[in-house]
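Some notes on the structure that comes next.
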There are 2 protein chains.
Amino acid sequence: MASIHDVAKEAGVSVATVSKVLNDYPDVSDKTRKKVNMVIEQLHYQPNVVARGLVKKRSWTVGVLLTVPFTNPFVAELLEGIKTALENSGYDLVRLSTRFDDPNYSFIKHCRSRNVEGVVVFGVERENPSIDELIHSDIPTMFVDTDIVGKRAGYITTDNQNAIQMSVKHLYELGHHKIAYISGTLGPSIANMRLEGYRQGLKNCNLPYLTSYLEVCDYSFDEGAAAMRRLLQLKEPPTGVVCTSDLAAFGAIYEIERHGLRVPEDVSVVGFDNTYHAQVFKPNLTTINQNIFSIGIKSIECLIALIENPDFSPPVITEPSELIVRQTTASPSVSI
Amino acid sequence: MASIHDVAKEAGVSVATVSKVLNDYPDVSDKTRKKVNMVIEQLHYQPNVVARGLVKKRSWTVGVLLTVPFTNPFVAELLEGIKTALENSGYDLVRLSTRFDDPNYSFIKHCRSRNVEGVVVFGVERENPSIDELIHSDIPTMFVDTDIVGKRAGYITTDNQNAIQMSVKHLYELGHHKIAYISGTLGPSIANMRLEGYRQGLKNCNLPYLTSYLEVCDYSFDEGAAAMRRLLQLKEPPTGVVCTSDLAAFGAIYEIERHGLRVPEDVSVVGFDNTYHAQVFKPNLTTINQNIFSIGIKSIECLIALIENPDFSPPVITEPSELIVRQTTASPSVSI
DNA sequence: CTGAAAGCGCTTACAG
DNA sequence: CTGAAAGCGCTTACAG
C-alpha cells in the first residue's frame with residue numbers, strides 16, 4: 001500500500017502538503033493540488049484511517065453490545081435500522097468479540113482499547129457490571145428498551161404501556177369483557193410497563209383486574225401455547241387475549257384451534273411486534289407495530305449527536321407504536 | 001486515558017520496558033515486571049490497539065459484506081456463527097458502512113483504509129465490481145454460497161445438489177411419482193445446483209423430468225403459494241412438492257389447504273433451510289437442514305487461517321446437509 | 001503557498 | 001536486564 005510519503009515523493013512535495021490536499025485545506029495552490037491528486041489517483045493511494053485516527057484521537061467507529069442472538073427478529077430489525085443510519089455517516093459498526101477466556105475481560109476496556117466512540121446496547125441485564133461502568137464513563141451510549149440514563153447515556157424504547165392499553169381498548173370496543181394477558185417474563189422494565197398498560201387498560205374500560213387472567217411466558221411459541229392452555233381451562237375462559245409477542249400469540253392461536261375453537265370467531269388474539277410472521281403466516285395477526293427500524297435509526301442519530309456534541313444531553317425517547325388490525329380479532333360470538 | 005508514557009513515568013522505567021511486559025517478553029526482571037503491572041492496574045491502563053496496529057501493520061478486525069438484510073433468517077444465523085467463531089479469537093467484526101454519496105466509493109478501498117484483515121461476503125452478485133477487485137487483491141476473502149475463488153479467496157456452501165436429491169428420493173420412497181419442484185430465482189449458482197439436484201433426483205428414481213412440474217419463485221411465502229396454485233391447476237397435479245425455502249413451502253401448504261386438500265394426506269411438501277419457522281409453525285415442516293451456523297463458524301476459521309498463514313490455500317468447502325422428516329410428508333393417498 | 005518538526009501511542013532492533 | 005532511538009502513517013501549529 002502506498003503511503004502519504006510515496007505520494008509526496010512522487011509529486012515532489014512534502015507530506016504536509018499532501019495531507020492538506022487530502023483534507024481540503026484552502027492554502028494549497030491549484031497547480032499543486034492538481035498534481036497531488038493526479039499522483040493519488042495513479043498510485044491508488046488510500047489514506048489510512050487508523051493512522052489519521054491516532055493523531056485525531058478518533059476512530060469513526062461505534063460499537064454494539066448485544067446479548068440477544070442475531071436470529072432474534074427484534075435484533076435483526078434493530079441492526080437493519082442501525083446499519084441504515086450509519087450509511088454515509090462516516091462511521092463503521094463494530095461488534096466487539098468478547099474474550100471470556102480472559103478473566104479480566106471487560107467490555108468497556110475493550111471499547112477503550114479500540115477507541116470506539118460510542119455504543120448501542122440492547123438486551124443486557126441491568127445487573128451486568130459493564131452497564132455500571134458504561135453509565136459512569138464518558139463513552140456516549142444509547143440503551144435500547146432499557147430505561148437507564150448515565151453521564152453520557154440515554155435510552156430509546158417503545159411506548160409499551162400505551163401499546164398494551166390500545167390492545168385492551170380495541171378488544172373492549174369489539175365487545176370483549178373477558179380479556180386475558182399473556183405477559184413476557186416479568187422483571188425488565190418493558191415487561192413492567194406493559195403489565196401496567198394491561199391494568200390501566202382494564203381500568204379505563206371499567207373491567208376488573210383478575211390474576212387468573214394474567215399468564216407469564218418467555219415470549220416463545222411454546223410457552224405462549226402453554227399459557228393459552230391454562231387460560232382455556234378456566235371456568236370462564238377469556239374471549240380476548242393480549243400477548244406481548246407475535247410468537248406467543250401464534251402459540252396461543254395454535255392452542256385455541258387445537259381445542260376445536262376458532263380465531264377470531266371464538267377467541268380474539270392480539271400480538272406484539274408486528275414481525276415478519278404476523279404478516280405472513282395465517283391467520284394474519286392483529287398486533288402492535290413497534291417501529292424497531294426507526295428505533296435503530298434514532299439510536300444511531302442520538303449516538304452521533306452525543307459523540308459530536310459534548311453539550312448534547314443524553315436523550316430519553318419514547319417511540320410511538322400502533323395497533324395493526326388484521327384477521328385475529330373480532331366481536332365475540334355469544335356461544336362462549 | 002492513560003498512555004504507555006504515563007505508565008512508564010509512574011513506574012520509573014522506559015516505555016520500551018512497559019511495552020515488553022505488555023507483550024510478555026522474557027527479558028524483564030521479575031521486580032520490574034511486578035512494578036509495571038502494579039502501575040498498569042492502578043492507572044487502569046489499557047493498551048491502545050489502534051496504535052499497536054499501526055506499527056504492527058495489523059488491525060485484528062475482519063469485515064463483512066452483505067447485501068441481504070439482517071432480517072433474512074440465513075443472514076441472521078450466518079452472523080450468529082461468525083460471531084461465535086470470533087469470540088476469543090482476538091478479532092472484532094466490522095460492518096463497513098457504504099458511502100453511496102461518494103461516487104468514488106469502493107468497498108475494497110474502504111477495507112484498505114480501515115486495514116481490515118479479511119472479509120466474509122454473502123449475497124453479492126457476481127457482477128458487482130467489488131467482487132472482481134476482491135478476488136484479484138491479496139485481501140483474504142471467504143464467499144458464502146457463491147462459487148468464486150481468487151488469489152486469496154475461497155468459498156463455502158451447502159451440498160445443494162445432494163440436498164434436493166435427498167428430498168426427491170424421500171418422496172419417491174414414500175410412494176410419490178408426481179413430484180414437483182418450486183425453485184428459487186434461477187441464475188445464482190446455488191439455484192442452479194439445486195435444480196440439477198432435482199433433475200438428477202428424478203433420474204435416479206427413473207421419473208421423467210416435466211417442465212410443467214417446475215415452478216420458479218423468489219423464496220417468499222406469497223410466491224410459494226402462487227407457484228403451488230399453478231401446480232394445483234394442472235391436469236395431473238403433483239402429490240409431492242420440493243421447495244427451496246421453508247417460507248415458500250409454508251406458502252405452498254397454505255395454498256393446498258385453501259384448496260380443501262390436506263398436508264400431508266393429499267400433498268406432501270418439503271422445505272429447505274430448517275429455519276425457525278419450520279420447527280415452530282404448524283404443521284412442523286419436513287425440510288432440509290442447512291448447517292448455516294456451522295458455515296458461519298467455518299467461514300471465519302478459514303478466513304483466520306488465510307490471514308495468519310500465507311501458505312494456506314483458499315479453501316472450497318461443501319457443508320453437508322440433512323433431511324429432517326417432520327409432519328408434512330407421508331405416503332400419497334390413493335384418492336388423488 | 002510550502003515544508004520542517006513535533007507528536008498521536010505504540011513496537012522493535014540495537015547498544016550498553 | 002534496561003532504555004534511547006527510529007519508525008508505523010498520519011495531522012497540525014508554526015516559521016518562512
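Chain A is the first sequence line, chain B the second, and so forth, proteins listed ahead of strands; every chain is numbered from 1.
- The phosphate of dC1(C) (OP1 or OP2) has no side-chain N or O of Thr17(A) nearer than 4.0 angstrom.
- Side-chain N/O atoms of Lys20(A) and base N/O atoms of dG3(C) include a donor-acceptor pair closer than 3.5 Å.
- Residue Lys56(B) has a polar side-chain atom (N or O) positioned under 4.0 Å from OP1 or OP2 of dT12(C).
- The side chain of Tyr45(B) places an N or O atom within less than 4.0 Å of a non-bridging phosphate oxygen (OP1 or OP2) of dC10(C).
- Each of dT2(D), dT11(D), dT11(C) was ranked by its minimum atom distance to the side chain of Ser29(B); first place goes to dT2(D).
- Residue Ser3(A) places no side-chain N or O under 4.0 Å from the OP1 or OP2 atom of dC8(D).
- Under a 4.0 Å N-O distance rule, the pair Glu80(B)/Lys83(B) qualifies as a salt bridge.
- When heavy atoms are screened at a 4.0 angstrom cut-off, Ser19(A) is found touching base atoms of the nucleic acid.
- The shortest distance between the side-chain N/O atoms of Lys57(B) and the OP1/OP2 oxygens of dG9(D) is below 4.0 Å.
- Counting any heavy atom pair closer than 4.0 Å across all strands shown, Val49(B) reaches no nucleic acid atom.
- The phosphate of dT12(C) has OP1 or OP2 within less than 4.0 Å of a side-chain N or O from Tyr25(B).
- The residue Val13(B) sits close only to the backbone: its heavy atoms come under 4.0 Å of sugar-phosphate atoms, none of a base.
- Surrounding CD of Glu41(B) are at most 12 heavy atoms belonging to other residues, nucleotides or ligands under 6.0 Å away.
- Of the residues near DNA chain D, Gly12(B) and Leu54(B), the one whose nearest nucleotide (by heavy atom distance) lies more toward the 5' end is Gly12(B).
- Counted by atom type alone, Thr61(B) and Asp92(B) present zero donor-acceptor pairs between their side chains at under 3.5 Å.
- Remark: Thr32(B) is in phosphate contact with dT2(D), judged by side-chain N or O atoms under 4.0 Å from OP1 or OP2.
- When only modelled atom types and interatomic distance are considered, Arg58(A) and Tyr91(A) share a side-chain donor-acceptor pair under 3.5 Å.
- Residue contacts shown for Asn48(A) are limited to sugar-phosphate atoms, with no base heavy atom under 4.0 Å away.
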